[in-house]
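For reference, the structure is listed below as structure tokens.
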Amino acid sequence: MSIKELQQGFATKAIHAGEDPDFREGATGDVVAPIHLSTTFAREKVNVPTAGYEYVRSLNPTRKALETKLAALENADYGLAFSSGLAAETTLLTALLKSGDHIVAFDDLYGGTKRLFNNIFNNYNIDVTFVDATDVSLVEKAILPQTRLIWIESPSNPLLKICDIAKIATLADAHKLVLVVDNTFLSPYFQKPLALGADIVVHSSTKYIGGHSDVLGGALLLNNPDYYEKLQYHQNAIGAVLSPFDSYLTLRGVKTLALRMEQHQQNAFSVAGYLLQHPKVKKVIYPGLESHPQHALAKAQSTGFGGILSFEIAGNQSDAKAFLERLRIIALAESLGGVESLIELPSVMTHSSVPKEIRKQVGITDTLIRFSTGIENVSDLIADIEQALK
Ligand code: P1T
């Protein structure tokens, strides 16, 4: 049996895929992929790159190990690693679209992704229509003759809305469109969009995949060889690749993804339960709660609900800010998916680049708080929230 055939379980792949020890003559059998810092690779014959390596931007052994591991985790044939989530997104858009093309996108997306569409790609004559993609008929209505791509997040950032990935994939197929799913919030541990029919999965590996708030990165995972060829060409031509050091850090971080996601989720359930009964809390949004409007869909298409929840406290934005500034263990910070709990106010932080009227339309109120539950002892997290709500 081959090593690949034996690497079946998620945790096994997270630890071993892409890092099989090399026992060939002269190799040392490292159990961890070494950090290859060489920016170029010498060859003996002009026409023969050594083991396929030419120049670090095109291919690097440490990045390749990570790309192999991330592909294994999403059950994808191909993986590519970038210097950030937005670098992955930019490369995808430039590789698959041209001037005059149109995108249908979920109206609840990470603010930076919306900014990329609205303030950068619009300059290249690529238009976007934002719709509430929880209603598949609205996605269908927005499709134009020049539409090439559908872009969703599920759960979405920051409102944790859930889209029916399989239904949108069927729609995308019928119209010959590329379906892109940003899987950052659930990570491949809890959700596999390719298995549900998506064409390309996007990750900000800065989040759960890296897991320790110490490395920026992004990834694209897919099965289609034609798209892969285009994306790989653009990855090299544009150059926003993940460095060898950052590839190593991400490889190190992702090994514990299975354990971390279970604990993030367990803590999120406990915090959601605590917030629900608190008189000063008006609303709790967590896909794991039966009160979540798409709870049944979340349960059907994913194997878990993740570690992010959003909530609103009574009062105005000043009350929300005062609460956030009183927290002591939970860090008031952008980003999510780290071992430490991170909390933020999307209207003034991660989604401040989204115009106020759009925020209002989508449901990002001035008092909406987003909480990325870390893996600390949950009793300490709840005690911190309790003292800050007093
Ligand atoms: O920050 P970067 O690695 O470039 O990834 C961008 C990105 C893409 N997709 C989603 C769903 C994201 O949440 C992000 C980054 N988000 C934050 C920094 C945040 O605090 O929401």
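All values below come from the heavy atoms of this structure, side chains included, with hydrogens, waters and symmetry mates left out.
Side-chain atoms of Leu80 and Thr91, non-hydrogen and from C-beta on, never get closer than 4.5 Å to each other. Under the 4.5 Å side-chain criterion, counting only non-hydrogen atoms from C-beta, Asn183 is not in contact with Phe190. Counting heavy atoms from C-beta on, the side chains of Thr350 and Leu336 never come closer than 4.5 Å. With a 4.5 Å cut-off on side-chain heavy atoms, Arg260 and His212 count as touching.
With sequence neighbours excluded, the residues that form a side chain to side chain donor-acceptor pair (under 3.5 Å) with His102 are Thr129, Thr147. Taking the side chain to side chain donor-acceptor pair (under 3.5 Å) definition, one finds that Lys356 meets it with Asp366, sequence neighbours left out. Residues forming a ring pair (Phe, Tyr, Trp, His ring centres under 6.0 Å) with Tyr286 (at least two apart in sequence, or on another chain): Phe269.
Neither Ile369 nor Ile364 shares a network with the other; the hydrophobic side chains, linked directly or stepwise wherever heavy atoms of I, L, V, M, F, W or Y lie under 4.5 Å apart, form separate groups for each. Val181 and Ile150 fall within a single hydrophobic cluster, where Ile, Leu, Val, Met, Phe, Trp and Tyr side chains are chained together by heavy-atom contacts under 4.5 Å. Hydrophobic clustering (ILVMFWY, side-chain heavy atoms < 4.5 Å, transitive): Leu66 and Val56 are in distinct clusters.
Considering every non-hydrogen atom in both Ala320 and Ile313, the closest pair reads CA-CD1, 3.8 Å. In terms of heavy atoms, Ser187 sits closest to Met261 at OG-CG, 3.7 Å. Among all heavy-atom pairs drawn from Ser352 and Met349, the shortest one is OG-O, 3.1 Å. Among all heavy-atom pairs drawn from Thr62 and His36, the shortest one is OG1-N, 2.8 Å. For the residue pair Glu340 and Ser213, the shortest heavy atom distance occurs at OE2-OG, 2.6 Å. Pairing each heavy atom of Ala76 with each of Leu221, the nearest pair is CB-CB, 4.0 Å.
A salt bridge between Arg63 and Glu67 is present, with a side-chain N of the basic residue lying under 4.0 Å from a carboxylate O of the acidic one.
Under a 3.5 Å cut-off, the side chain of Asp199 and the backbone N or O of Leu179 do form a donor-acceptor pair.
Ring geometry, Phe117 versus Phe130: the interplanar angle falls from 30° to 60°, so the pair is classed tilted. In this pair, Phe41 and Tyr53 present their aromatic rings tilted. The plane angle is within the 30 to 60° band.
His203 has its ring centre no less than 6.0 Å from the ring centre of Tyr208.
Judged by distance alone, the side chains of Gln263 and Asn267 do bring a donor and an acceptor atom under 3.5 Å apart. Glu153 and Thr184 are not linked by any side-chain donor-acceptor pair at a separation below 3.5 angstrom, with hydrogens and angles left out of the test. Side-chain contact check for Lys13 and Asn75: at least one donor-acceptor pair (N or O, by modelled atom type) lies under 3.5 Å.
The only option from Arg359, Lys360, Gln317 that meets the side-chain hydrogen bond (donor to acceptor under 3.5 Å, both in side chains) definition with Ser347 turns out to be Gln317.
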What's the verdict on side-chain hydrogen bond (donor to acceptor under 3.5 Å, both in side chains) for Asn377 and Ser379, showing C-alpha distance, side-chain angles and the deciding distance? CA-CA 5 Å; Asn377 292 100; Ser379 53; 5.5 Å; no

